[in-house]
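Structure record follows, encoded as structure tokens.
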There are 2 protein chains.
Amino acid sequence: MERVTESELAAWRLFIKTYARIIEQIERDLAEQKRVPLTAYDVLIALFEAPGHKLRLGELTQKMVLTKSGITRLLDRLEREGLVQREKSEEDRRGAYAVLTPEGEQQLRKAWPVYARGIKQYFAAPLSEEQTRQLIAAFEAMQKGQEL
Amino acid sequence: MERVTESELAAWRLFIKTYARIIEQIERDLAEQKRVPLTAYDVLIALFEAPGHKLRLGELTQKMVLTKSGITRLLDRLEREGLVQREKSEEDRRGAYAVLTPEGEQQLRKAWPVYARGIKQYFAAPLSEEQTRQLIAAFEAMQKGQEL
DNA sequence: AAATAATTGTTGACTGCGCAACTAAACCGT
DNA sequence: ACGGTTTAGTTGCGCAGTCAACAATTATTT
């Protein structure tokens, strides 16, 4: 593998800085509006999109960027706040599902506009349609690269 | 501001997932090779590039994505490991500099190859030159967008 | 010059997460 | 059917970072 070029390094530095800034900003917006933070949001949306609004903890772990202990603790919090509920699995009695509660769904709906505005404003708005497509292609290439 | 489109959302999701995976992977590589973690690396490189290999803590706070208390604690660790040293400022006796030690510089040099390989492999290698340029343009557009 | 305000960096209390060890249940080869 | 291995999720411990309150110093008013 060859050396990292100047422009690759430039792209990299912009990548991490841009990411940090945008996430920080969105997180701040969500907090200001008293909405669930991003990681919580991700769990809720994953559950919402799942059949029956529920997922095995293991499935959640794969979808999210968190270890299983991270998921355990995150669910602890969400359960305490009444946004999800654990439901022990019938088929596999080691396991459990996380189920989205109505309250969780409501919080999801409340958070979305704030989140969406952030994505639009900080991430998408400055890009042309063409650039958006280019980004998708680039990130997909990286994903592919990972799998090798 | 209009609604977020499908493809913008797709780009966004790829963005955060790609970021998380790559950082995680590089961090793992650094840990395996017993090298300084990314945040530490960032401080060391900032100091290295600074005149006299030193910076006021406040300047560091701006360059990094960390609060001032975060910087305080990070420097505590780096100082304990002998990679930087605090030096109280003469001009402003509230303040202090962080100074890169020779040992710090050495650690920096040792970490770079691992870091660079990660950037190349997980981030840059899957991209064409054209795509790298497109990424730079896109991220710069976002930065610009932020400033408004 | 004195009083007030602003700034620099540190600290205490807390949160969120990872790692490794653990429990309970399921799987599997014999 | 039984012992060993694998898998699902939880837990203790520790690290890294935030926020808010603080001391020390400097800047600004009056």
Side-chain angles (χ1 to χ4, degrees), chain A residues 16 19-21 23-32 34 36-44 47 54-81 83-99, chain B residues 16 19-21 23-32 34 36-44 47 54-81 83-99:
Chain A
I16 57 183
Y19 175 88
R21 280 225 226 142
I23 293 293
E24 197 177 355
Q25 191 58 56
I26 293 182
E27 206 72 82
R28 190 179 309 278
D29 294 346
L30 286 166
E32 256 167 34
K34 302 270 167 66
V36 294
L38 267 185
T39 45
Y41 182 88
D42 283 349
V43 167
L44 297 183
L47 292 178
K54 65 184 193 175
L55 281 174
R56 288 293 296 265
L57 303 205
E59 301 181 271
L60 267 178
T61 306
Q62 292 182 328
K63 285 187 197 288
M64 317 271 317
V65 194
L66 270 184
T67 63
K68 51 188 180 164
S69 72
I71 286 290
T72 294
R73 294 175 209 288
L74 178 47
L75 286 180
D76 288 348
R77 271 173 275 145
L78 293 179
E79 204 167 18
R80 232 178 289 131
E81 292 168 29
L83 309 185
V84 310
Q85 234 184 307
R86 277 186 176 85
E87 182 185 279
K88 43 183 69 172
S89 164
E90 294 299 325
E91 318 89 71
D92 181 343
R93 289 187 328 205
R94 291 167 301 185
Y97 288 92
V99 192
Chain B
I16 57 183
Y19 175 88
R21 280 227 225 143
I23 292 293
E24 197 177 354
Q25 192 57 57
I26 292 181
E27 205 73 82
R28 190 179 309 277
D29 293 347
L30 285 167
E32 256 168 33
K34 300 269 167 65
V36 292
L38 268 184
T39 46
Y41 183 88
D42 283 349
V43 165
L44 298 182
L47 292 177
K54 65 183 193 175
L55 282 173
R56 286 293 297 266
L57 303 206
E59 301 181 272
L60 268 177
T61 307
Q62 292 182 327
K63 286 188 198 288
M64 317 270 317
V65 194
L66 271 184
T67 63
K68 52 188 180 167
S69 68
I71 286 289
T72 293
R73 294 181 206 285
L74 177 47
L75 286 180
D76 288 348
R77 270 173 275 145
L78 294 179
E79 203 167 18
R80 232 178 288 133
E81 292 169 28
L83 309 184
V84 310
Q85 237 186 304
R86 278 184 176 85
E87 183 184 279
K88 44 182 69 172
S89 164
E90 295 299 325
E91 318 89 69
D92 182 342
R93 291 188 327 208
R94 288 167 300 188
Y97 289 92
V99 192

Handout entry: Any Arg86(B) side-chain N or O less than 4.0 Å from OP1/OP2 of dG9(C)
Key = no
Exercise for the section: Could you list the residues that satisfy side chain to side chain contact (heavy atoms under 4.5 Å, CB included) with Gln62(A), not counting sequence neighbours? Expected result: none
Exercise for the section: Mind calculating the distance between CD (Glu27(B)) and C1' (dC19(C)) to the nearest angstrom? Expected result: 14 Å
Exercise for the section: With heavy atoms under 4.0 Å as the rule, sort Asp92(B) into base, sugar-phosphate or nothing. Expected result: sugar-phosphate
Exercise for the section: Report the residue (Glu90(A) or Val65(A)) whose heavy-atom-nearest nucleotide on DNA chain C is the more 5′ of the two. Expected result: Val65(A)
Exercise for the section: Output yes when at least one side-chain N/O atom of Thr72(A) is less than 4.0 Å from OP1 or OP2 of dA8(D), else no. Expected result: no
Exercise for the section: Determine the contact category for Ser89(A): base if any of its heavy atoms lies under 4.0 Å from a base atom, sugar-phosphate if only primed atoms, P, OP1 or OP2 are that close, otherwise nothing. Expected result: nothing
Completion exercise
Here the distance between atom C1' of dT10(D) and atom CD of Glu79(A), to the nearest Å, is 13 Å
Exercise for the section: Using a strict cut-off of less than 4.0 Å between a Lys/Arg side-chain nitrogen and an Asp/Glu carboxylate oxygen, indicate whether Arg28(B) and Glu24(B) qualify as a salt bridge. Expected result: yes
Exercise for the section: Find which nucleotide of DNA chain C each of Tyr97(B) and Thr67(A) is nearest to by heavy atoms, and output the residue with the more 5' nucleotide. Expected result: Tyr97(B)
Problem - Short side-chain N/O contact to dG17(D) OP1/OP2 from Arg77(B), under 4.0 Å - result: yes
Exercise for the section: Respond yes when some side-chain nitrogen or oxygen of Arg73(A) is under 4.0 Å from OP1 or OP2 of dG18(C), and no when none is. Expected result: no
Practice task
Treat primed atoms plus P, OP1 and OP2 as sugar-phosphate and everything else as base, then score nucleotides 1-7 of chain D 5' to 3': B for base contact with protein heavy atoms under 4.0 Å, S for sugar-phosphate contact only, - for none.
Solution key: ------B
